[in-house]
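Just so we're on the same page: letters track the sequence lines, and every chain starts at 1. Bear in mind that the values here come from a model prediction, so they are computed numbers and not experimental data.
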Amino acid sequence: MNIFRLAADISHAVAIVLLLYKIWTSRSCAGLSLKSQSLYVAVFVSRYLDIFRFVSFYNTFMKLFFIIGSSATVYLMAFKFKHTYQKENDSFPVLYLILPCIAMAFVLPYEYNPVEILWTFSIWQESVAIFPQLFMVQKTGEAESITSHYLFALGSYRGLYILNWIYRYVVEDHVDWISIVAGVIQTVLYCDFFYLYITRVIKGRKLDLPA
Amino acid sequence: GHSHDSHDEL
C-alpha cells in the first residue's frame with residue numbers, strides 16, 4: 001500500500017457514496033446512465049471472485065463495499081426510482097463496449113483459467129464502463145453539479161492509480177501491463193471532462209456543454 | 001510475477 005493507491009481507493013469509494021447520496025436525497029436518477037452502473041456491477045463481480053481469498057481486512061472490506069455499493073446503485077435506478085430514469089437518453093450501444101472486452105479477456109490474459117480471464121475482462125470493461133454516462137452528458141448537454149463531482153472522483157481514481165503504478169515500478173519493480181494500459185485508456189477518456197470540470201464546475205457554474 | 005496472487009490491487 002502507498003499513498004497514491006490509498007488516495008485512489010478513497011476517491012473511488014467517495015464517488016460511489018456521492019452517487020448513492022445524490023440518488024437518495026433527490027429521489028431521482030435523472031441524468032445517470034443505468035448502462036454504466038450495470039457495467040460497474042459486472043466489473044466488480046467478475047474481478048472480486050477471489051473475495052474469499054484473504055489478502056487483508058482492507059482488501060476484503062473494499063471489495064465488499066464496491067460490490068454492495070454498485071449493486072445498491074443499480075437497484076435504486078432500476079427499481080426504486082425507475083420512474084425518474086431517462087431511458088431515452090441512455091442510448092449508447094453497450095455491446096460495442098462489452099464484446100471487445102470479452103475478446104481481450106480471451107486473447108491476452110496472464111494465464112488461461114476462468115478467474116484470470118474474468119479478471120482481465122473486468123479490467124478492460126472498467127476502462128470503458130463510463131462511456132454510456134459520458135455519452136448521456138454529451139447528449140443532454142449538461143450534468144448536475146453532484147453528478148460532475150461523482151465523475152471527477154471516479155476519473156481521479158484511475159489517474160491516481162497511474163501514480164501508484166509508477167511508484168510500484170520504481171520501489172517494488174512491480175509491473176502489471178494489463179492494468180497499466182487499460183488504466184491509462186480509462187484516465188484519458190476523462191480528459192475532456194476534467195477540463196470542463198476545472199474550468200466550469202469549480203468556478204461554481206453548472207456543467208453545460210456548448211451546443 | 002503475473003499470477004493471480006499478484007492481483008493485490010483493487
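- Taken to the nearest 0.5 Å, the CG atom of B:Leu10 stands 11.5 Å off from the CZ atom of A:Phe61.
- Heavy atoms of A:Phe65 lying under 4.5 Å from chain B are absent altogether.
- Within 6.0 Å of atom OH in A:Tyr190, more than 12 heavy atoms from other residues, nucleotides or ligands are found, so the atom counts as buried in its surroundings.
- For A:Tyr48, the part sitting under 4.5 Å from any heavy atom of chain B is the side chain, from C-beta outward, and nothing else.
- With sequence neighbours excluded, no residue forms a ring-ring contact (aromatic ring centres under 6.0 Å, His included) with A:Tyr150.
- Within a 6.0 Å sphere centred on CD1 of A:Ile3, other residues, nucleotides and ligands contribute 12 heavy atoms or fewer.
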* Please lay out, stage by stage, how B:Asp8 and A:Arg5 fare under the test salt bridge (charged side-chain N to carboxylate O under 4.0 Å, His left out). => CA-CA 11 Å; B:Asp8 57 335; A:Arg5 200 162 135 202; 3.8 Å; yes
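- Heavy-atom distances place both the backbone and the side chain of A:Asn59 under 4.5 Å from chain B.
- Pairing each heavy atom of B:His7 with each of A:Arg53, the nearest pair is O-NH2, 4.1 Å.
- Applying the 6.0 Å contact sphere to OH of A:Tyr58 captures more than 12 heavy atoms from other residues, nucleotides or ligands.
- Counted within 6.0 Å of CZ on A:Phe52, heavy atoms from surrounding residues, nucleotides or ligands total 12 or fewer; the atom is thus considered open.
- For the atom pair CG of A:Asn164 and CD of B:Glu9, the computed distance is 4.5 Å after rounding to the nearest 0.5 Å.
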